[in-house]
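Chain letters run A, B, ... following the sequence lines, proteins first, then strands; residues in each count from 1.
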Amino acid sequence: MDAVYYTESKKTFWQKVKEQKELVLMIFPFVLYVILFHYIPLWWWVIAFKEYRPFQGVWGSEWVGLQQFKDLFSDSGFWLAMRNTLVISFLKLITSFAAAITLALMLNEVKNMLFKRTIQTISYLPHFVSWVVAASIVISVLSPESGILNQILMSLKIIKQPIVWMGEGHYFWWILALSNVWKETGWNAIVYLAAMTSIDPELYDAASVDGCGRLQKIRYVTLPGIAPTISMLLILNVGWLLNAGFEQVLLLRNPLVQDYSQILDTYVLDYGITMYRYSYATAAGMFKSVVSIFLVLLANKIAAKLNASTVV
Amino acid sequence: MLKKKTAEDIIVDLVVYISLIFVGIVTLYPFLNVLAISFNDALDTVRGGIYIWPRKWTLKNYEIIVSNPQIYNAALVSVARTVLGTVLGIICTMFVAYPLSRKDFVLRRPFSAIMVLTMYFGAGLIPTYLLYRSLGLLNTFWVYIVPALLGMFNVVVVRSYIESLPSSLIESAKIDGASEFRILWQIIFPLTLPAIATIALFIGVGHWNSWFDVYIFNSQRPDLSTLQYELQKILASVSMQVGRNPDYQMGAMAETQQVTPNSVRASMTIVATAPIIMVYPFLQRYFVKGLTLGSVKGE
């Protein structure tokens with residue numbers, strides 16, 4: 001075998017390609033497919049520097065330089081969308097991390113496997129329903145008249161009048177964050193539970209010998225054990241900071257909370273698809289993409305550094 | 001070694017079990033509540049107080065859905081795109097994942113770079129829209145299928161699963177003179193089934209749950225509408241009325257129709273969720289294993 005391997009490595013690149021032509025044949029159509037569907041669209045970024053009119057085509061449309069970006073950056077609506085995007089994704093980031101870690105810690109303390117599995121199975125379920133269904137459920141639960149939340153609060157005499165939850169901007173931010181927690185916590189907890197199973201059991205025994213109770217073991221063994229996972233995910237999530245949850249916001253927003261629900265994605269949608277301002281919306285989308293790529297690269301770089309330092 | 005439970009143990013257990021039961025209830029209850037509303041008389045629902053059991057049983061809300069030809073058609077489109085999209089998605093994922101899993105594949109690095117990079121950037125909504133328009137995908141059924149053929153995350157899952165299989169399998173098949181296509185479908189495919197079941201669930205659920213592509217690319221074609229999009233339309237009409245006390249308004253409207261948008265929305269929500277709830281118990285024990293196997297075996 002060694003000899004064969006040796007002669008193989010002497011072959012030129014094209015000889016090897018020819019030898020593996022079946023593999024090339026298999027994957028090549030999909031390489032073209034990915035280029036067409038993921039790289040070619042980047043070409044349309046050119047219309048961000050034009051005043052694109054569909055009838056004149058991309059080349060026939062007039063160049064306007066950075067005008068679209070100037071308009072964009074001087075629009076207070078854009079900065080409002082920017083604020084909302086950052087606030088919403090920040091709120092979602094913090095709540096979803098806290099919830100997933102807490103759930104994983106609690107599940108990890110359960111010794112009864114049947115109970116543990118039942119709770120896990122239930123907790124994943126909302127992840128698999130669409131945001132349309134989730135939004136429908138949220139609207140139903142929060143409905144001012146027949147909604148269960150108002151009914152509970154009223155029967156507990158905490159409030160006298162039903163609250164129009166979906167009609168107030170600050171509530172709306174929390175509704176986004178908490179409905180996201182409801183939908184994704186079980187799913188997000190999987191990765192922490194996996195990290196916990198790889199913690200050396202001897203560490204727990206050693207902690208017991210040192211006289212640690214359950215809470216101290218969580219504090220000094222479990223949490224440090226999953227700390228690399230937490231920091232890695234936290235950093236990688238920074239790359240998603242400009243994604244506040246397009247579908248969720250689109251489905252839950254209503255005219256009353258417009259000033260709190262407009263995010264960058266819905267801004268692009270409203271201007272581009274609804275008002276046909278293709279160039280302007282492309283400029284907004286391009287700004288978002290470029291900043292996102294920058295954030296992802298930054299996050300990856302920090303994650304790589306951190307990973308290297310924890311491994312060494 | 002048997003240890004006596006300390007006071008701390010008991011308190012921790014108590015807090016954990018009670019909290020987790022609470023989590024379970026909070027997660028599950030909204031579904032049960034919507035289920036109860038969907039089976040309850042619409043006019044009666046407006047009075048409130050429906051928890052997990054209907055007060056006045058009726059199938060009226062479902063009759064409205066079943067008798068609506070548009071929604072019937074939407075269900076067919078949903079099923080068609082889910083089945084076709086999942087089958088094609090699995091085949092395409094295999095065709096990409098297998099060559100990329102082969103460490104001796106000469107074009108492995110450049111091709112996997114081209115593929116994986118797409119996970120990190122997107123051109124944005126408008127360029128995508130313009131691409132689909134120039135490809136003639138707008139207002140066709142194919143806009144559901146073609147752009148979703150390959151999910152890079154799925155490719156990565158299947159690839160790492162194939163990498164965990166012993167490479168001698170491939171070597172010996174090659175010595176026996178099997179072609180790569182044959183190796184893929186007769187050797188790799190059957191062995192990769194746990195990972196395939198996992199991504200089939202992901203792809204299928206993705207297709208079944210998708211509504212945004214309908215909304216953006218096919219809203220002019222009612223005959224290509226899907227269940228999720230029909231539910232979204234009902235939802236949008238409800239959202240517009242938030243703050244104008246929707247229940248009362250709908251109550252007035254209901255006098256003549258015996259249904260309210262709220263009740264129809266509830267039954268529509270159940271219809272749109274039912275297939276997932278039905279396949280979920282069969283597949284859910286696989287996906288965690290399928291997802292983690294690839295990475296665990298790497299250690």
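Contact annotation for A:Leu269: both backbone and side-chain heavy atoms come within less than 4.5 Å of a heavy atom of chain B. Both the backbone and the side chain of A:Asn112 come within less than 4.5 Å of a heavy atom of chain B. Neither the backbone nor the side chain of B:Thr6 comes within less than 4.5 Å of any heavy atom of chain A. In this structure, the portions of A:Leu125 lying under 4.5 Å from any heavy atom of chain B include both its backbone and its side chain. Contact annotation for A:Ile148: only side-chain heavy atoms (C-beta onward) come within less than 4.5 Å of a heavy atom of chain B. Contacts between B:Ile183 and chain A at a heavy-atom distance below 4.5 Å are absent for every atom of the residue. Of the atoms belonging to A:Val24, heavy atoms from both backbone and side chain fall under 4.5 Å from chain B. Proximity to chain B (any heavy atom under 4.5 Å) is shown, for A:Leu297, by neither the backbone nor the side chain. Of the two parts of A:Val133, the backbone and the side chain both hold a non-hydrogen atom closer than 4.5 Å to a non-hydrogen atom of chain B. With a 4.5 angstrom heavy-atom cutoff, A:Val132 touches chain B via backbone and side-chain atoms both. The contact between A:Ser140 and chain B is made by backbone and side chain atoms together, counting heavy-atom distances below 4.5 Å. If you measure heavy-atom distances from A:Phe294 to chain B, you find no contacts under 4.5 Å at all. Heavy-atom distances place the side chain of A:Ile40, and not its backbone, under 4.5 Å from chain B. Proximity to chain B (any heavy atom under 4.5 Å) is shown, for A:Glu109, by both the backbone and the side chain. Heavy atoms closer than 4.5 Å to chain B are found nowhere in A:Ile218, neither backbone nor side chain.
Of the listed residues (A:Met106, A:Arg214, A:Met286, A:His38), the one with the most heavy-atom contacts under 4.5 Å to chain B is A:Arg214. When each of A:Val191, A:Val296, A:Thr197, A:Ile137 is checked for heavy-atom pairs under 4.5 Å with chain B, A:Ile137 comes out on top.
B:Asn209 and A:Trp131 share no side-chain donor-acceptor pair at under 3.5 Å.
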